[in-house]
Amino acid sequence: MPELPEVETIARGLDRRFGGCRIAGCRYASPHLLKAAGRADLRRLRGCRLLGVRRRGKYLIFDLERGTRLVFHLKMTGQFLECASGRERDRHTHLVLSFGRGRELRFRDVRKFGRLRLVRGDERSALPAGLGPEPLALGRRRFLELLGARRGRLKSLLLNQRFLAGIGNIYADEILFEAGLDPLRPASGLDEARALRLWSGMRRILSRAVRRGGSSIRDYADAEGRLGRFQFEHKVYGRAGAPCARCGAAVRRLVVGGRSTHFCPRCQK
DNA sequence: ATTCGGACCTGAAAGC
DNA sequence: TGCTTTCAGGTCCGAA
């Protein structure tokens, strides 16, 4: 479900609502979410202060006292929900952090793909080696350098987390439309003008999506239950057969690298 | 090195 | 009204 703009929105909301709060208890870690050893370690969290919450790629990082960190990946359907402790817990709730005075933060995940790791010290041990840089912190020169070393199709490259961390299926399609580039075009041999269009298109799409609080297509909502608004600005994603907003040609859908891909055959070359 | 298909899960929507 | 199939904001693994 969540890509960079959604995870960023969740992180900001959690940081604002729970940053500085003390964890009173932790319950219900399901085996899917966390291995047995990690579940035992969760006991250490009691009484620990949550210093802050931030994002790296599509990962959510909870920084705690005593050099401990919780690193979540939400995969397709993971979500956080702030609620009153008395409220009924449904069968998709896999972790509950209590903050006292009846305040709880629950992790729900219908498809159970989401993962949590509890680490001491640096979060890097919980992240994949070779995770790419943050797209919005990447200068144009560095972007051109990284791009020059890559092959394969543009769509697959944008989805590759070792190239850039945080772009997923929605934003890959929207970025390529913004840049006017065919998702099937090979990454190698992209001339500088097109490469710079890709860089600036990426920045425009991602930063606007963050400002809109991400895209709510199916079930994404932030920790305060608010829906994103960027879905109203999608130009191609989920619009197969509909007219292109720019030229009127029918938006096409095909499968690239096993992922559904949407593009305008006239605007994207 | 890249690409492909399948696996991991559940449920909503579309198709018949 | 069913029942079946397809599809989904992600990633990992093994085989071609």
Side-chain angles (χ1 to χ4, degrees), chain A residues 1-11 30-35 55-60 71-80 90-94 107-117 126-132 135 146-177 183-189 202 205-206 208-210 212-223 226-241 253-262:
Chain A
M1 174 205 343
E3 309 180 29
L4 185 155
E6 291 77 31
V7 182
E8 179 67 27
T9 303
I10 293 167
S30 83
H32 281 281
L33 179 63
L34 185 64
K35 291 195 279 263
R55 176 193 64 77
R56 167 80 173 100
K58 297 174 193 170
Y59 292 84
L60 262 181
V71 181
F72 288 89
H73 197 303
L74 276 35
K75 294 286 176 80
M76 296 288 267
T77 51
Q79 56 184 207
F80 283 95
D90 77 2
R91 64 212 204 87
H92 302 301
T93 299
H94 304 301
F107 176 78
R108 289 186 75 243
D109 185 5
V110 169
R111 292 179 72 181
K112 302 189 182 109
F113 290 166
R115 291 293 177 268
L116 166 61
R117 292 187 71 173
L127 302 178
L131 185 64
L146 293 176
L147 186 63
R150 294 292 179 159
R151 5 209 87 234
R153 303 184 274 228
L154 286 179
K155 169 69 186 256
S156 304
L157 181 61
L158 290 179
L159 290 177
N160 182 347
Q161 303 299 297
R162 301 171 72 97
F163 175 57
L164 296 171
I167 297 172
N169 209 35
I170 292 179
Y171 297 103
D173 284 1
E174 293 299 320
I175 287 166
L176 289 169
F177 177 82
L184 293 172
R185 175 187 272 272
S188 63
M202 169 183 85
I205 291 294
L206 293 178
R208 195 180 307 143
V210 169
R212 298 287 184 271
S215 304
S216 292
I217 302 292
R218 197 173 325 271
D219 45 21
Y220 164 73
D222 69 16
R226 284 191 309 238
L227 300 179
R229 285 153 282 129
F230 193 70
Q231 66 276 15
F232 303 121
E233 299 178 33
H234 290 176
K235 302 289 205 302
V236 285
Y237 184 85
R239 298 194 64 246
R253 173 188 180 278
L254 45 84
V255 174
V256 180
R259 308 300 303 278
S260 166
T261 296
H262 315 75

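In the text below, chain A, chain B and the rest are named by the order of the sequence lines, each starting its count at 1.
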Determine: side-chain N/O of [X] to OP1/OP2 of [N], distance under 4.0 Å, yes or no.
X	N	answer
R259(A)	dG10(C)	yes
R153(A)	dC4(B)	yes
H73(A)	dG10(C)	no
Q161(A)	dG10(C)	no
R111(A)	dA7(B)	no
H92(A)	dG11(B)	yes
K112(A)	dT10(B)	yes
K58(A)	dG10(C)	yes

What do you reckon, do F113(A) and the base of dC9(B) stack, with centroid distance below 5.5 Å and planes below 30°? no

Provide, to the nearest angstrom, the distance between the [atom1] atom belonging to [X] and the [atom2] atom belonging to [N].
X	N	atom1	atom2	result
L116(A)	dT11(C)	CG	C1'	17 Å
L159(A)	dA8(C)	CG	C1'	14 Å
R218(A)	dG10(C)	CZ	P	11 Å
D219(A)	dA12(B)	CG	P	10 Å
E6(A)	dA8(C)	CD	C1'	14 Å
K75(A)	dC9(B)	NZ	P	11 Å
L127(A)	dC12(C)	CG	P	11 Å
D109(A)	dC8(B)	CG	P	16 Å

Heavy atoms only: give me the nearest G132(A)-R56(A) pair and the separation to one decimal. O-NH2, 2.8 Å

With a 3.5 Å limit on both atom pairs, tell me what dT6(C) is paired to, counting Watson-Crick and G-U wobble, or say none. dA12(B)

May I ask you to decide if A209(A)'s main-chain N or O and R229(A)'s side chain share a donor-acceptor pair within less than 3.5 Å? no

If you look at every strand shown and take non-hydrogen atoms under 4.0 Å, does [X] touch a base, only sugar-phosphate, or nothing?
X	answer
R115(A)	nothing
Y171(A)	nothing
G152(A)	sugar-phosphate
R162(A)	nothing
R253(A)	sugar-phosphate
T77(A)	nothing

Should T77(A) and F113(A) be marked as a side-chain contact (heavy atoms from CB on, under 4.5 Å) after you check the CA-CA gap, both sets of side-chain angles, and the distance that decides it? CA-CA 8 Å; T77(A) 51; F113(A) 290 166; 5.9 Å; no

Going through the distances and angles, do V210(A) and F230(A) end up as a side-chain contact (heavy atoms from CB on, under 4.5 Å)? CA-CA 8 Å; V210(A) 169; F230(A) 193 70; over 6 Å; no

In whole Å, measure the gap between the C1' atoms of dC8(B) and dC3(C) for me. 25 Å

When rounded to the nearest Å, what value does the distance between P atoms of dC9(B) and dT4(C) take? 23 Å

More 5' along DNA chain C: P128(A) or Y237(A), using each one's nearest nucleotide? Y237(A)

Using a strict 4.0 Å threshold on nitrogen-to-oxygen distance, state whether D173(A) and K235(A) make a salt bridge. no

Give the intermediate values and the outcome of side-chain hydrogen bond (donor to acceptor under 3.5 Å, both in side chains) for residues E6(A) and Y171(A). CA-CA 11 Å; E6(A) 291 77 31; Y171(A) 297 103; 2.6 Å; yes

Fit a plane to each ring of F107(A) and H94(A), take the angle between them on a 0 to 90° scale, and name the class: parallel (under 30°), tilted (30 to 60°) or perpendicular (over 60°). tilted

